[in-house]
Each structure stands twice: as structure tokens, then as C-alpha cells.
Amino acid sequence: MFKRSHTCGQLRQDHVGLAVTLSGWVNSYRDHGTDLIFIDVRDRFGITQLVFESDGVSAADMEAADKLRNEDVISATGTVRIRKGGPNPKLATGAIEVVVTSLTLLNKTDNPPFLPDDMGQLPNEEIRLKHRYVDLRRPRMQSILGTRHRVTKIARDYFDENGFLEIETPILYKSTPEGAREFLVPSRNVPGNWYALPQSPQLFKQILMVAGCDRYMQICRCFRDEDPRADRQAEFSQIDLEMSFVQREDVMEVMEGFARRLWSQALGVTVPPLKRLTYSEAMERYGIDRPDTRYGLEIHNISDLAARIDFGVFKSALEKNPGTRHQGVVKAIVVSAAQGAERLTRKILDSYSEFVKTFGAGGVPVVKVNAQGVFETGIAKFLEPLRGELTDRLALKPGDLVLFAADANNIATKAMGELRQKVARDTGVVPEWGKAWNFLWVVDFPMFERDKESNRWVAMHHPFTAPRHDQQQAFLAADPSDEEAIAAIVSAGYDMVVNGSEIAGGSIRIHDPAVQGKVFGLLGLTPQQAQDKFSFLLEALRFGAPPHGGVAFGLDRLIMHLVGTDNIRDVIAFPKTQIGADLLTRTPSPVTDEQLKELHIKSTWTPNV
RNA sequence: GGGGCGGUAGCUCAAUUGGUUAGAGUACCGGACUGUCGAUCCGGUGGUUGCGGGUUCGAGUCCCGUCCGCCUCGCCA
């Protein structure tokens with residue numbers, strides 16, 4: 001029999017004397033010979049020690065117990081008693097043991113590729129993913145799966161209480177090639193036509209608002225066929241929301257309430273009211289649209305001072321793109337002695353130039369402030385005329401380091417934003433997990449940005465994002481050819497950021513067909529193209545569309561924060577690798593010519609000979 | 001598409017300048033052991049050094065190609 005009476009984490013002193021049956025995996029065995037064997041049996045709920053004594057169990061069962069090995073699946077019946085050898089404080093069940101009277105071996109395991117314990121070093125990730133069923137047995141992974149379950153439950157409860165309706169939207173959807181690369185699915189019934197997997201349910205949830213659903217939520221899967229990162233998968237999950245008759249503040253209030261509920265229930269952490277940063281402020285002070293405010297190291301614009309000295313590096317940078325928003329700038333980060341400037345060795349500082357080159361910047365000039373307040377290092381003599389003013393403006397003290405970036409505004413900003421985070425890691429000023437939760441809002445994003453390659457406008461958030469309420473008239477009046485005017489339009493978007501990570505983003509949507517048409521036009525869609533791709537949306541906007549807006553939380557990233565991992569694969573039961581492969585099921589995989597034919601497609605792939 | 005790191009026993013790793021029969025821990029197999037708890041002790045099995053070429057008297061080590069995993073730039077409306 002294997003129907004258990006209790007779980008492996010359940011038994012306590014109160015249960016002493018009870019006849020019980022436990023089922024689970026052999027976590028470890030301690031074989032003391034023909035008369036005494038200990039087996040720790042494990043399930044999702046815990047570990048319990050079983051004792052086999054030769055005078056309490058049949059000879060056959062004793063022999064079977066002798067042969068048990070790690071990860072065998074067993075069921076054992078016996079009696080609970082206080083441990084004879086003293087309690088084991090490491091186990092929740094450590095006060096008791098179960099003296100076994102009968103044993104059933106349910107599944108004899110082959111020698112497992114690795115043991116699912118969290119004590120030693122983990123095998124490499126390839127092995128873990130190949131044998132995911134073993135990896136997921138680890139208590140740590142079970143705990144993460146448990147957190148993930150609780151988060152989705154809290155989300156459903158919270159949004160239910162706030163009047164949201166959970167509604168499913170299609171996975172087989174229409175291709176809308178703006179944005180991320182899509183996964184395509186061929187249609188059998190309509191030869192030559194295709195579905196796409198949704199990058200997000202964006203338009204369906206807007207249609208649901210037009211359909212009078214008022215408040216929608218869904219825990220949905222999204223698909224973007226782009227290269228992954230440590231915190232990004234091609235297939236990922238969102239807590240997706242949309243609300244009718246709301247302005248920006250209304251959505252933000254609901255979001256903030258959810259974040260507060262989540263951190264409270266999952267971690268016991270109280271989230272204070274969120275501060276707000278505008279996008280331009282974030283970019284200016286932190287060089288990134290999702291600032292990590294757990295440490296200082298803010299970025300200073302010293303272009304005005306830099307322009308006054310004869311230093312070639314600064315001079316040539318400042319001459320870039322005159323009169324535009326990408327005009328050359330000189331920016332500085334101060335690493336104070338108190339923030340661990342001495343940890344930035346010559347070698348590390350040298351590596352920073354290589355580091356910023358990956359973002360297109362030229363290098364990182366450095367000066368060090370010596371004990372007399374005088375600048376040292378190679379470029380010190382060029383900066384000497386500015387020493388007094390720089391010392392005042394940057395509040396420099398002996399022992400401080402100043403790191404510079406001089407380039408076109410967008411490049412210098414990006415390089416400094418990334419460098420700031422790297423410096424923080426290198427100096428050790430980033431608090432360890434769980435010590436600080438710096439939530440904030442970023443608002444007032446530009447509606448559009450210029451795509452470098454195609455030199456066209458692209459929507460910064462997405463093409464359905466509305467201009468901020470007070471920008472609507474300016475937007476409708478703006479001349480599409482006036483680049484600076486278009487770039488200056490601010491959207492009604494908002495991102496929630498915690499510890500430098502974007503965990504949610506959303507916006508008030510366009511509900512006016514005229515505004516939507518102008519956006520499509522700016523994005524380079526002809527009226528005919530807009531009609532072909534989004535006729536359903538444009539029509540819906542003409543048939544009674546309420547003002548609406550919404551947001552999506554990145555579920556995987558939320559879990560990463562709540563469990564303290566920087567690997568997104570740890571929070572997904574069956575994740576994919578860098579090339580989108582599932583090593584467990586060996587996906588993707590070839591299909592037959594018959595399958596292809598039925599779908600009216602032909603592969604152009606040929607094997608390398 | 002670019003850059004970086006890695007791939008040696010089931011697993012984690014080692015192997016000096018290119019040089020004897022590629023080692024250790026653990027797992028596994030056999031044995032001993034009545035109070036362990038990451039049991040202990042004794043013995044043993046286990047290798048296409050990712051794969052394919054090349055250089056060399058000799059390659060885990062050097063070269064070329066390729067596959068896989070991770071990090072990253074681009075990309076991610």
C-alpha cells in the first residue's frame with residue numbers, strides 16, 4: 001500500500017504511538033548492518049526518519065531496506081515514537097522517528113545523475129535542465145514553486161477584491177510585426193496564412209474594455225522570439241491588467257496596492273508609498289529608465305564646466321550633434337572614499353574603458369583626489385583649471401575618485417548608467433538580497449524615439465499608449481516632420497521599478513481614433529496598412545470605447561525578487577536555454593514531411609555537409 | 001549576428017612546459033557494523049577528455065572547424 005496517512009513533514013511528538021504510513025523518496029540511508037537501518041524519506045513537505053529494526057519487521061522487508069538507495073520511491077508503515085538516539089534539530093520532524101513494520105518499494109531508481117539536495121555544489125545547469133524532474137525535487141526549487149503559486153493566488157484574490165474579471169485571450173493570434181520578433185504558426189485551413197503567438201494580450205484587453213468588461217486581469221503567457229538574458233525568456237508570464245474609466249493615478253494606485261499586498265504577504269515587508277521620478281530625471285541622474293536607488297553614485301552633468309577647458313577628449317565630445325537632444329555632454333560619477341573607492345584598483349578602473357566601449361563610448365577618464373585635494377592621474381593636468389569648481393559642485397573630498405564619460409548625450413548617458421551599476425557592484429555598496437526594497441515610479445516617458453537603423457519613429461512603450469492628458473492637443477497639433485517637437489511629446493505611461501529592475505509597466509491607452517491614426521502615421525503606417533493590421537482596433541475605437549488604461553507585471557521577475565535569485569530559469573519549472581531549447585523534452589524537434597505538407601509549408605533548411 | 005567564459009568518470013573537480021598506465025571526492029557495486037542523521041570503516045567497478053580534422057616521435061593540453069551550456073552587446077513595440 002502507498003496511500004499515506006501523513007506527509008513527511010507532518011509528524012511531531014503529539015503523534016507518538018500512532019500507526020502511520022509515509023510515502024516518498026529516499027533522501028539518505030544509514031545502514032548499520034543486518035539489525036538496524038535508518039532511512040530518511042522525503043516528500044515536498046519535509047523529511048522523516050524511518051527506522052528498520054530486525055525484530056520489528058519481516059526478514060524480507062529488512063533485506064529490502066538494506067538495498068534501498070537515494071531517490072528510490074517507497075512507502076512505509078510503522079509506529080511513531082520519540083527518537084531513541086536523541087532529536088535532530090535540523091529536521092522539523094526531528095523529535096520523532098517511525099519504527100517501520102512494513103515496507104513497499106514503489107520505484108527502484110537507476111543511479112540518479114545527481115542528488116537533489118541544496119547542501120553541496122549544484123551540477124551544471126545543462127544537467128539540471130536535462131533531468132529537471134530531479135532538480136525540481138530540491139527543497140529550494142520546491143520552495144520557489146510554492147512562492148510562485150502563492151503569488152498567483154494573491155494576485156487573483158487581490159484583483160478579484162478590486163472588481164477585476166479574469167478572462168482568457170487567444171494564444172493563436174494575428175501577426176503584428178512591429179515590436180518583438182514573433183513565433184509563427186501555420187494555418188492548415190487557410191493555406192499560406194499564419195497565426196502568431198502573442199507578444200502580449202494588449203489589443204484583446206483593450207477590446208475587452210470596449211466590450212464593457214470594465215476591469216480585466218489574466219495571468220498570461222507571452223512570447224517574444226528574441227535572444228534571452230539572465231532575466232529574460234522567449235516564453236514568459238505576465239499578470240496582465242486593464243481598467244476602464246481611469247486616469248494614470250487610478251491604475252498606479254491599484255498597482256501600488258498590489259505590490260504592497262504582495263511584499264507584505266510573501267515577505268512580511270511593508271512597502272512605503274512610492275516616490276516618482278520622471279523619465280528625464282531618471283536618465284539625467286541615473287542614466288537609465290529603471291534606476292537602482294539603493295545606493296548613491298548619481299551622475300552629474302558637467303558639460304558647462306568641461307566646455308571651458310582645452311582637453312581634446314571633452315572638446316570633441318561636446319561638438320557632437322550640436323543643437324539636438326543628442327548633443328555631446330560630459331558626465332561624471334563620484335566614488336567617494338566612504339563608498340569604497342579604494343576597492344577600485346588600477347586594474348578595475350582600466351577595465352571600465354573596455355566596459356563602456358560595449359555601449360559605444362570611448363573610454364573612462366579618471367581622476368583621483370589626493371590628500372591635499374589635488375587631482376592625480378593622467379588627465380589631472382587638463383582638469384586643473386576646473387579643480388575648484390569641480391570640487392565644489394561634486395563635493396569632492398580627499399580619497400574620492402571621479403569617473404568621466406564624454407560623448408553624444410545618448411551614448412554618454414547609457415555608458416554612465418551601466419557603469420554606475422558596475423561600480424556599485426565592484427565597490428560592494430549594493431545591499432544583499434532582502435536588506436532593501438527601493439520601489440519607485442518612472443513616469444512621463446517620451447511617446448516616441450528614433451530608431452537608429454531605420455531612422456524612423458518607434459513607440460517607446462507601444463503604439464496604443466496615449467499622450468499624457470495635457471499633451472493631447474500638442475500632439476494632435478504637432479507637425480510630424482518636426483523631429484524635436486515629436487520627441488518632446490510625453491506619454492501617459494508608467495513603470496514600477498524595484499531595486500533597479502522594471503517589474504511592471506503600463507499606460508493609459510488611446511481611445512480616440514484620431515489620435516490612434518496619427519500615431520500609426522508617425523510610425524510609418526499608411527492608412528491602408530493601419531487598416532489591414534488593426535482594423536478591428538480602429539473600428540472598436542469608433543463603437544463606444546471608454547477611456548481605459550492598464551499595466552502588466554512581469555510575473556517571472558516578481559518571483560525572482562521574492563525568492564532572491566538572479567536566474568530566471570530558477571523560477572520557471574521548465575525553462576528554455578539560450579537557443580530556445582528545452583533540454584528535458586528535446587524541443588524544438590524535426591517534424592515529418594507529411595506534417596509540413598498538410599500545413600502547406602516547405603522547409604528551406606538544409607543540413608551542412 | 002558580435003564578444004567573453006566553460007565542456008575530463010553518473011556528478012563536482014584536478015592533471016606542472018606537449019611526455020609514464022588521465023587522478024581525487026562523491027555516487028554506484030561488494031563486504032563489515034544495533035542509534036545514525038551529509039553515518040563510519042575496508043575493498044572494487046567506472047573514461048570516445050563534447051564532436052571532426054590538423055601539427056607533433058608524442059595532444060586532455062597547441063591550431064582550425066563545429067556542437068552544446070552560461071554571461072553579455074545588438075535585439076526585447
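This is a predicted model, so every value here is computed, not measured. Residue numbers start from 1 in every chain, and the chains themselves are labelled A, B, ... in the order their sequence lines are given, proteins ahead of strands.
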Contact class for [X] vs. all strands (heavy atom < 4.0 Å): base, sugar-phosphate, or nothing?
X: A:Leu523; result: nothing
X: A:Asp117; result: nothing
X: A:Gln121; result: sugar-phosphate
X: A:Ile127; result: sugar-phosphate
X: A:Glu97; result: base
X: A:Gly94; result: nothing

How far does the [atom1] atom of [N] sit from the matching atom of [M], given to the nearest Å?
N: B:rG50; M: B:rC57; atom1: P; answer: 25 Å
N: B:rG60; M: B:rU49; atom1: C1'; answer: 5 Å
N: B:rG10; M: B:rG47; atom1: C1'; answer: 12 Å
N: B:rA15; M: B:rG7; atom1: P; answer: 11 Å
N: B:rG69; M: B:rU8; atom1: C1'; answer: 16 Å
N: B:rU26; M: B:rG44; atom1: C1'; answer: 15 Å
N: B:rG25; M: B:rG43; atom1: P; answer: 11 Å
N: B:rU55; M: B:rU72; atom1: P; answer: 40 Å

Tell me which nucleotide, if any, is Watson-Crick or G-U wobble paired with [N] when both distances must be under 3.5 Å.
N: B:rC76; result: none
N: B:rG6; result: B:rC68
N: B:rA24; result: B:rU12
N: B:rC41; result: B:rG31

Practice prompt. Check the geometry between A:Phe114 and B:rC11 and answer yes if their rings are stacked (centres below 5.5 Å, planes below 30°), otherwise no.
Written response: no
Thinking salt bridges, do [X] and [Y] make one under a 4.0 Å N-O criterion?
X: A:Asp495; Y: A:Arg290; result: no
X: A:Arg30; Y: A:Asp40; result: yes
X: A:Glu235; Y: A:Arg224; result: no

For the side chain of [X], counting heavy atoms from C-beta on, which of [options] is nearest?
X: A:Glu125; options: B:rC70, B:rC13, B:rA27; answer: B:rC70
X: A:Asn70; options: B:rA27, B:rG69, B:rG35; answer: B:rA27
X: A:Arg569; options: B:rG38, B:rC71, B:rC29; answer: B:rC71
X: A:His32; options: B:rG38, B:rG35, B:rC70; answer: B:rG35
X: A:Arg83; options: B:rG69, B:rG35, B:rC28; answer: B:rG35
X: A:Ile579; options: B:rC68, B:rC28, B:rG35; answer: B:rC68
X: A:Leu36; options: B:rU34, B:rU36, B:rC11; answer: B:rU34

Report the distance from atom [atom1] of [X] to atom [atom2] of [N], rounded to the nearest whole Å.
X: A:Lys357; N: B:rG4; atom1: NZ; atom2: P; value: 15 Å
X: A:Asn111; N: B:rA9; atom1: CG; atom2: C1'; value: 12 Å
X: A:Asp570; N: B:rC70; atom1: CG; atom2: C1'; value: 13 Å
X: A:Asp31; N: B:rC42; atom1: CG; atom2: C1'; value: 15 Å
X: A:Ile37; N: B:rU40; atom1: CD1; atom2: P; value: 16 Å
X: A:Asn88; N: B:rU36; atom1: CG; atom2: C1'; value: 10 Å
X: A:Phe38; N: B:rU40; atom1: CZ; atom2: C1'; value: 13 Å
X: A:Arg425; N: B:rC71; atom1: CZ; atom2: C1'; value: 12 Å

Distance test, side-chain N/O of [X] to OP1/OP2 of [N], below 4.0 Å:
X: A:Lys84; N: B:rU34; value: no
X: A:Ser28; N: B:rG38; value: no
X: A:Asn124; N: B:rC70; value: no
X: A:Tyr29; N: B:rC28; value: yes

Worksheet item: Got a sec, which residues hit side-chain contact (heavy atoms from CB on, under 4.5 Å) with A:Leu122, two or more places apart in sequence or on another chain?
Response: A:Arg128, A:Arg138
Under a 3.5 Å cutoff, is there a donor and acceptor pairing between the side chains of [X] and [Y]?
X: A:Glu125; Y: A:Asn567; result: yes
X: A:Asn409; Y: A:Arg325; result: no
X: A:Gln142; Y: A:Arg42; result: no

Response to the item:
Counting primed atoms, P, OP1 and OP2 as sugar-phosphate and everything else as base, the B/S/- map of nucleotides 72-77 of chain B against protein heavy atoms under 4.0 Å is BBBBBB
Discussion item. A cation-pi test, strictly: NZ or CZ of A:Lys518 under 6.0 Å from the centre of the six-membered ring of A:Phe475 and no more than 45 degrees from its axis. Yes or no?
Written reply: yes
Response to the item:
On RNA chain B, more 5' by nearest nucleotide between A:Glu126 and A:Arg81 is A:Arg81
Whether [X] and [Y] hold their rings parallel, tilted or perpendicular, with breakpoints at 30° and 60°:
X: A:Phe183; Y: A:Phe223; result: perpendicular
X: A:Phe536; Y: A:Phe534; result: tilted
X: A:His462; Y: A:Phe464; result: tilted

Practice prompt. Kindly indicate whether the side chain of A:Gln49 and the base of B:rU36 share any N or O donor-acceptor pair separated by less than 3.5 Å?
Written response: yes
